[in-house]
Amino acid sequence: MELEFTGEIWHWRGPSPFHFVTVPADESTELAEAAALVTYGWGMIPVKARIDGTEWTTSLYPKDGGYIVPIKDVVRRGENLQVGDVVTINLFVGV
């Protein structure tokens, strides 16, 4: 499964700070339908993600009935991205 969507980068200040983009509702519904086939537990979905020329492997986190994409620091720095930037993400599910 391949998905493409846009979203805003936001920062979570928890005990270990991370940056995320929230997957829109329609795409989250598609992911939920495929989750049972690809999840490795706790609702996490393995994906390959791409923003512009940077590609990385990660896992989608379930949150508030949908999913969020963690944006690694190396990706943010490499693409010069900041909190509040709107990005287009390509997800390749089940890699």
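For the residue pair I45 and V38, the shortest heavy atom distance occurs at CG2-CG2, 3.7 Å. Residues M44 and S59 share a closest heavy-atom pair of CE-CB, 4.1 Å. Closest heavy-atom contact between A32 and Y67: CA-OH, 3.7 Å. The minimum heavy-atom distance linking L91 with A49 is given by the pair CD2-CB, 3.8 Å.
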Side chain to side chain contact (heavy atoms under 4.5 Å, CB included) between V69 and V23, worked out: CA-CA 7 Å; V69 182; V23 177; 3.7 Å; yes
Chi angles and distances behind the side chain to side chain contact (heavy atoms under 4.5 Å, CB included) call for F20, W12: CA-CA 8 Å; F20 296 95; W12 180 64; 3.9 Å; yes
Worked check of side chain to side chain contact (heavy atoms under 4.5 Å, CB included) between E2 and N90: CA-CA 7 Å; E2 182 178 341; N90 293 88; 4.1 Å; yes
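From I51, atom CD1 reaches atom CZ of R76 across 10.5 Å, with rounding to the nearest 0.5 Å. Rounding to the nearest 0.5 Å gives a distance of 8.0 Å between CD1 of I9 and CD of Q82.
At a threshold of 4.5 Å between non-hydrogen side-chain atoms, the residues W10 and I68 count as touching. Between M1 and L31, some side-chain heavy-atom pair lies under the 4.5 Å cut-off. Looking at W56 and I71, their side chains come closer than 4.5 Å, going by heavy atoms from C-beta outward. Within the 4.5 Å cutoff, no side-chain heavy atoms of D52 are placed close to those of V87. Within the 4.5 Å cutoff, side-chain heavy atoms of L3 are placed close to those of E30. Between H19 and P70, the closest side-chain pair of non-hydrogen atoms is not below 4.5 Å. Using a 4.5 Å heavy-atom threshold, the side chains of F92 and R50 count as touching. The shortest side-chain heavy-atom distance between V21 and E8 does not fall under the 4.5 Å cut-off.
F5 pairs by the ring pair (Phe, Tyr, Trp, His ring centres under 6.0 Å) definition with nothing, not counting sequence neighbours.
At a threshold of 4.5 Å between side-chain heavy atoms, the hydrophobic network of Ile, Leu, Val, Met, Phe, Trp and Tyr places V74 and L81 in one connected group. Hydrophobic clustering (ILVMFWY, side-chain heavy atoms < 4.5 Å, transitive): I89 and V86 are in distinct clusters.
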